[in-house]
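No experiment lies behind these values; they were computed from the predicted model shown. Every chain is numbered from 1, with letters handed out A, B, ... down the list of sequences.
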Number of protein chains: 2
Amino acid sequence: MTITMITNMATKSIHDEAASMLRQHEHRYTPGRQRLVDVMDSAHRPLTLPQILESDSELTQSSAYRNLDVLEQSGVIRRINATADHAAFELAEPLLGHHHHLICVDCGAIEDIHIGEPTERAIDAALGAAAKGLGFKPLHHSLDLHGQCANCQ
Amino acid sequence: MTITMITNMATKSIHDEAASMLRQHEHRYTPGRQRLVDVMDSAHRPLTLPQILESDSELTQSSAYRNLDVLEQSGVIRRINATADHAAFELAEPLLGHHHHLICVDCGAIEDIHIGEPTERAIDAALGAAAKGLGFKPLHHSLDLHGQCANCQ
DNA sequence: CTCAGTGCAAAGGATTTGCATGCCG
DNA sequence: CGGCATGCAAATCCTTTGCACTGAG
């Protein structure tokens, strides 16, 4: 019950949040951009451009690429370079929450996963210590598990 | 003196190891491939193809790409998709050891880092647990810290 | 002699850009 | 109205491939 309410609120506020973030960067929240956010919000995993276009036939390739750029620059989505051929896109952490990926080395499929908070803190502490010595300013970490998905074994 | 000896020995065995791995895959350890291994062994960070070509003017683009493929398939090197434009290459874990990366979001520079063994074990345990429930067979994890390098701040 | 490896140039494929048009503010 | 946004097609850029040649076994 509580979870359902939160989910609904979150879905609604994703568009509000996206619109607000775009506005701050002096961009409009056009229908094409809303559709992109819808597609990425519906999928519970990062999507490649072909997957995005398949999910909504109203989207065109070049505008999708352009709008993904705008959304990325505005902090609404994140681009991840999981595979060699296609980039993949997912909602940014403020909208989707912190998580990690299982990446199939054979078919390239990606699955979202979560790990415990204590482990997250241990990771950030360890990375932060290493970064400090090199004058590197941490923004966020990415942790992926590469292996074979159930289908490819 | 001692360090020099160790370095020489290590460098030597990297070539031996690489030659052995290639032989197992029925490939030759040609001069061009040795040069690639030398370049990657000298750099203490992953290199993109342009960086590799700059490091050794004897290397040509297409042969470098082809040989990097052969070396990757033989397990000598690893391809990482850290940035959107260029793939990067580094010696594989059996030759270089397990480590992680600092990736500058502005200039794309990559730096190798190490974190403590207990944290590594915690990561593998957490990822393994998540993978198990989905029938995903773990091979290896990748952990990167994205942020700004000292030059780009 | 044979066949993997090489180098050049051309092809391939994902992503970006030019340009004319549409549409919101 | 003015300028961002869109869609098509052409261009770009990284990477791969075709082909003829070289050299090791």
OP1 or OP2 of dT6(D) sitting under 4.0 Å from any side-chain N/O of T30(A)? yes
When V70(A) and L49(B) are each assigned the nearest nucleotide of DNA chain D, the 5'-most assignment goes to V70(A)
L102(A) vs F136(B) side-chain heavy atoms within contact, under 4.5 Å: yes
Q73(A) CD to dC4(D) P, straight-line distance once rounded to whole Å: 14 Å
Heavy-atom side-chain proximity of V37(B) to Y29(B) below 4.5 angstrom: yes
Within-4.5 Å side-chain heavy-atom neighbours: R35(B) and N67(B): no
Does a side-chain N or O from Y65(B) land closer than 4.0 Å to OP1 or OP2 of dT16(D), or not? no
May I ask you to verify if any side-chain N or O of H86(B) is less than 4.0 angstrom from the OP1 or OP2 atom of dC13(D)? no
Expected list for residues 112-119 of chain A: side-chain donor-acceptor pairs under 3.5 angstrom, two or more places apart:
unit_1  : atom_1 : unit_2 : atom_2 : d
H114(A) : ND1    : H98(A) : O      : 3.3

Strictly below 4.0 Å: does N67(A) bring a side-chain N or O up to OP1 or OP2 of dT6(D)? yes
OP1 or OP2 of dG7(D) under 4.0 Å from side-chain N/O of T60(A): yes
Could you check whether any side-chain heavy atom of L49(B) comes within less than 4.5 Å of a side-chain heavy atom of Q61(B), counting everything from C-beta outward? yes
From CD of Q61(B) across to P of dG18(D) the rounded distance in Å is 17 Å
Check: H141(B)/D144(A) side-chain N/O donor and acceptor closer than 3.5 Å: no
Donor-acceptor pair (no angle test) under 3.5 Å: R66(A) side chain, dG7(D) base: yes
Let's go through S74(B) and Q24(B) carefully: what are the C-alpha distance in whole Å and the side-chain angles of both, what is the deciding distance for side chain to side chain contact (heavy atoms under 4.5 Å, CB included) to 0.1 Å, and is it a yes or a no? CA-CA 8 Å; S74(B) 303; Q24(B) 288 178 0; over 6 Å; no
Chain B vs DNA chain C, heavy-atom contacts under 4.0 Å, first-to-last nucleotide span, 5' to 3', is dA4(C) to dA9(C)
Toward the 5' end of DNA chain C, which comes first, R33(B) or S62(B), by nearest nucleotide? R33(B)
Here the distance between atom P of dT6(D) and atom CG of D69(A), to the nearest Å, is 13 Å
Between P of dC14(D) and CG of N81(B), the distance in whole Å: 15 Å
Report the distance from atom CZ of R79(B) to atom P of dC14(D), rounded to the nearest whole Å. 14 Å
Roughly how many Å is it from CG in D85(A) to P in dT16(D), rounded to a whole number? 10 Å
